[in-house]
Amino acid sequence: MRGAMTPVEELEAAGTAAEGTRSGASARLGAYLRRLREGYGYSLRRVEERALALGEAIDNSQLSRFEKGKALPSFEKLRALARIFNVSVQNFSDVLDLEQYEPFKPDQGSHDDLMAEGHRLFRQGDHGRAFVTYERALEVVEERGGAQAAEQAAEARRHMALALWRLGKLSMTEQELRRILKDAPGLSGRTRLRTLLLLGYVYREMGDLYLASVVARDCLEVALELGDLETQAGVLNTLGNIHHDQGDFVRALDFYGRARAVLASLGGREEMAATLLTNIGGCLVALRRHEEGMARIREALAQAQQRGLRRVASLALTRLAEAYFQRGDQARGLSLLSESDTLASRPEEAYHDILFLNAYHRWTLARRESNPTKERMAFGRLRVLRSLIERRFPEVEAFDRAIEQSRRRHHGQAS
């Protein structure tokens, strides 16, 4: 948790204070800017010309210093660079966030050993350290080259994207996946399929349910042709999530059930199995099948706690709280939300989307009870958390609408 400032506000403050100083420099941001420029095929001079056209002075020597990590751009310059490279300013903030994991990046190791270590860290839920470990594996492949380099690089990049996705950095995840797909003709069908599967996840969490559905159904068709059961389970879960977000709990339950059946034939995959149980339980509760739904959620919670699956356990506690709220047991529901918060707010990696969902339930309850003090407290927390997440889901959409309505009312009173 960063406090009251949003990531973009922090970036603005840091950039304004640090431009031209080595203390505020970021090698990671510099490398990211260079990749963006080279991806567009722009020279340093070309970027300078584009910046001038936008009314911002970024000369080529200054941009070179940014790319070499010798200085940090001001917020105004980053805003101009975001327009030039067609990315959001939030992306730059996300890149700077990753700087905290730089000390954990391995300085040696083979590609295979680094990938294995990345997988271990990912399974433990240490997604930031997993990201820099996969990143190092990618660098090793690019330095070494060879016949398998393209496939190995794509696999390392896909796991980088998975780690970014778990860290909630959706725009960066999408960029990494699109970079893989640019090289798709030379890659195996399995790598392309798994990349598309993750892209479907990202579109769904960005709130583009139509595009997520199109990508997911294409993935399912290919996965059925290839007999790829793991991808089939993942796609079916995604389609269930899409219908859940649309409020169609009957169809969501059908897809979740099909995904669980496929997963059962594979064995293992404990995290996905527990997630599916949580999703199924949540749908049953939404359909007023409380006892059955709560039993599934409790089963998922027990599995998650036993296996150290912190995110699944946190989500299961939230879903269980929702069930108690529906039954009118507000005290028990609030207690479960507090337990969920404890799991979701650990400093090494906070689950801001789950924390937002929990705060949203408190806000809704305070409004229903006409408790202005609790309502203001929950609203303030929601505003902070909203600035920390890219993901969009029904509660986020409802809060955004409430913010917009509040602004309109304030504007109407002021005029």
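Computed from a predicted structure; not experimentally measured. Just the heavy atoms: all of them, side chains too, but no hydrogens, waters or symmetry mates, feed the values below.
The environment of R120 atom CZ is dense: over 12 non-hydrogen atoms of other residues, nucleotides or ligands sit within 6.0 angstrom. Counting heavy-atom neighbours within 6.0 Å of M377 CE, excluding the residue itself, gives a total of 12 or less.
No donor-acceptor pair under 3.5 Å is formed between the side chain of E176 and the backbone N or O of A161. Within the 3.5 Å criterion, the main-chain N or O of Y360 finds no donor-acceptor partner in the side chain of E395. In terms of modelled atom types and a separation under 3.5 Å, the side chain of Y40 and the main chain of F85 share a donor-acceptor contact. Side-chain atoms of S340 come within 3.5 Å of backbone atoms of S314 as a donor-acceptor pair (strictly under, hydrogens ignored). For E271 (side chain) and L309 (main-chain N/O), no donor-acceptor pair under 3.5 Å exists by modelled atom type. Distance alone, capped at 3.5 Å, places no donor-acceptor pair between the R391 side chain and the E205 backbone. In this structure, the side chain of R386 engages the main chain of I389 through a donor-acceptor pair within 3.5 Å. At least one donor-acceptor pair under 3.5 Å links the side chain of S387 to the backbone N or O of V384.
Residues V89 and R79 share a closest heavy-atom pair of CG2-CA, 4.0 Å. Among all heavy-atom pairs drawn from I297 and T278, the shortest one is CG1-O, 4.2 Å. Listed here is the closest heavy atom pair of V312 and A274: CG1-CB, 3.7 Å. For the pair M115 and E155, the tightest heavy-atom approach, listed with the atom from each and the gap, is CE-O, 4.1 Å. Taking both residues in full, the closest heavy atoms of A212 and G200 are given as CB-O, 3.6 Å, listed atom of the first, atom of the second, then distance. The two atoms that bring Y101 and R129 nearest to each other are CD2-N, 4.0 Å, heavy atoms only.
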Worked verdict on E135 versus R28 for salt bridge (charged side-chain N to carboxylate O under 4.0 Å, His left out): CA-CA 12 Å; E135 187 178 49; R28 180 170 290 278; 2.8 Å; yes
Step-by-step ring pair (Phe, Tyr, Trp, His ring centres under 6.0 Å) determination, F131 to F122: CA-CA 8 Å; F131 171 79; F122 191 93; over 10 Å; no
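Using a 4.0 Å cut-off between charged nitrogen and carboxylate oxygen, R46 and E49 count as a salt-bridge pair.
Taking the six-membered ring where tryptophan is involved, the planes of Y134 and H159 are tilted, since the angle between them lies from 30° to 60°. Ring geometry for F356 versus F393: interplanar angle over 60°, hence perpendicular rather than tilted (30 to 60°).
Two residues are said to be in side-chain contact when any heavy atoms from C-beta on lie closer than 4.5 Å; R194 and D228 meet this criterion.
Rounding to the nearest 0.5 angstrom, the gap separating the CD atom in E151 from the OG1 atom in T191 is 3.5 Å.
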